[in-house]
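Below you'll find the structure, written out as structure tokens, and then a few comments.
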Amino acid sequence: MKEAVIDIKLPRRILLVKLHVTHVENGLKVRFLHFCIAEVRTMIIMWCCLLNFIYDKTILAYITKPFPNCMMFGNIVVGENLYNFVANQSLYLCTSAKRSSEENEIAGHAQKRIKRKEALERKKIVDELIRVAYSKKDHLSSLPSFHRYCTNGLSVYLESGTGDKLSSFLKQYIQQLLKVNMEGPFGSEWPTEEKVKRREMVAWEARYIFVYRDPNSAGNKMSAFEERRNSIMRSSIVGFIHYRFVVEEEVPVLYLYELQLDARVQGKGLGKFLMQLIEAIAKQNGVSAVVLTVQKANLSAMKFYMTKLGYNISAMSPSRLHLTGFETNYEILCKVFDNKAKSALE
């Protein structure tokens, strides 16, 4: 609570009015300590209401001009031009500047609260979307057109898996195929990268699609011994994809960690088929894009994703960030499915 002293100079006399102004829930509470004539009190109350009186600072206002176009009853001023007069005085101007600053600050805090609330709501929606996507253990089952691929003399079938339930054979196969396909593009960095990939391989978030040769197809006739061995050891596996559901730049995406195929089945359209499957899984689970990382040295992969499949270098990719003195040997590519995500990812 602050005491404000206001000198009001009327044509024939000076009235000194002292009052306490305190802020209450629904406005301002004014308590007069000293005043002359009831109408003066009414005028001051009007004044305070019009100005939404600043109550956090003592204000001295010296009004020296007479009230224009106001009716006079003795020494008391009344009339509709009271507000116009007050609006032209230094008190109002000072108060207006003070209030403008305070109002802007309050409005700024309110906007921040609203933005935080909106951001939390968006995060809840995105987190729930990711949770639901992970709750489905087999994303392949609801896409029957992708269960098999029989084209260009190649006949394979697909099965789902998760990182925390890989068999010893599958772990060994994944490590071997990764080394065969990726040791060259990574070069001297491969030993370090291999350790990272081994950890990623068995995470519960890791989702897999494994590709197996169809033992009953005409081009895959095997002896009885080979069939028995394959039924036990799954040695007919010829590739896999590893993907996860993550959030990038506040956008839910399917991140393709690996697409690895045995050399025997490359160049037969299988890679494109598997990418169509990945995009179908992404859309089915409501995420906004497919994102992946490619080594710059892997020119065939860069051409495959960008030329054949229409992927673009993402705004998240180091080459798009223009970081001085910071170079990487990879690019982050993406394909976005909705316009809202384009500004963040492309």
Mind listing the closest non-hydrogen atom pair of [X] and [Y] along with its distance?
| X | Y | result |
| --- | --- | --- |
| Y212 | E159 | CE1-OE1, 3.6 Å |
| Y157 | R213 | CE2-O, 3.4 Å |
| A315 | A344 | CB-O, 4.0 Å |
| G239 | L177 | CA-CD2, 4.1 Å |
| H147 | L140 | NE2-O, 2.9 Å |
| L333 | M306 | CD1-CG, 3.9 Å |

Review point. Can you list the steps and then say if L277 with I209 is a side-chain contact (heavy atoms from CB on, under 4.5 Å)?
Key: CA-CA 10 Å; L277 168 60; I209 303 292; 4.1 Å; yes

[X]-[Y] co-clustered via ILVMFWY side chain contacts under 4.5 Å:
| X | Y | answer |
| --- | --- | --- |
| V336 | V294 | no |
| L292 | V251 | no |
| F245 | W204 | yes |
| Y255 | I313 | no |
| V265 | F304 | yes |

Hey, what do you get for [atom1] ([X]) to [atom2] ([Y]), rounding to the nearest 0.5 Å?
| X | Y | atom1 | atom2 | answer |
| --- | --- | --- | --- | --- |
| I278 | R207 | CD1 | CZ | 12.5 Å |
| L256 | T293 | CG | OG1 | 9.0 Å |
| E205 | H242 | CD | NE2 | 8.5 Å |
| Y208 | L170 | OH | CG | 9.0 Å |
| L178 | E258 | CG | CD | 5.0 Å |
| R148 | L158 | CZ | CG | 9.5 Å |

Point to revise | From CA spacing to verdict: side-chain contact (heavy atoms from CB on, under 4.5 Å), M302, E331 | key: CA-CA 9 Å; M302 291 288 290; E331 295 282 8; 4.0 Å; yes

Flag side-chain contact, heavy atom, 4.5 Å: [X] against [Y]:
| X | Y | value |
| --- | --- | --- |
| V132 | K136 | yes |
| E194 | K197 | no |
| M316 | R320 | no |
| M182 | E193 | no |
| F186 | K179 | no |

Quick check against the 3.5 Å criterion: does [X] have a side-chain atom that pairs as donor or acceptor with the backbone of [Y]?
| X | Y | result |
| --- | --- | --- |
| H139 | A280 | no |
| N152 | L154 | no |
| N329 | Q295 | no |
| E248 | L345 | no |

Check your understanding: Between D338 and K340, does at least one N-O distance fall below 4.0 Å, as a salt bridge requires?
Key -> no

Review point. Do NZ/NE/NH1/NH2 and the carboxylate oxygens of K117 and E121 come within less than 4.0 Å?
Key: no

**Study point:** side-chain contact (heavy atoms from CB on, under 4.5 Å) between I332 and V291, intermediate numbers included
**Key:** CA-CA 7 Å; I332 298 175; V291 180; 3.6 Å; yes

Point to revise | N312 and S314 side chains, donor-acceptor separation under 3.5 Å | key: no

Review point. Out of L254, I241, V287, which residue meets the side-chain contact (heavy atoms from CB on, under 4.5 Å) rule with I281?
Key: L254

Check your understanding: What do you reckon, is NZ of K296 surrounded by more than 12 foreign heavy atoms closer than 6.0 Å?
Key -> yes

Review point. Just wondering, are more than 12 heavy atoms of other shown residues or ligands nearer than 6.0 Å to CD in E128?
Key: yes

Could you label the plane-to-plane angle of the [X] and [Y] rings as parallel, tilted or perpendicular, counting under 30° as parallel and over 60° as perpendicular?
| X | Y | result |
| --- | --- | --- |
| F169 | Y173 | parallel |
| F240 | F210 | tilted |
| Y311 | Y305 | perpendicular |

Check your understanding: Where do V246 and V253 land on the side-chain contact (heavy atoms from CB on, under 4.5 Å) test, with the steps shown first?
Key -> CA-CA 6 Å; V246 300; V253 304; 3.6 Å; yes

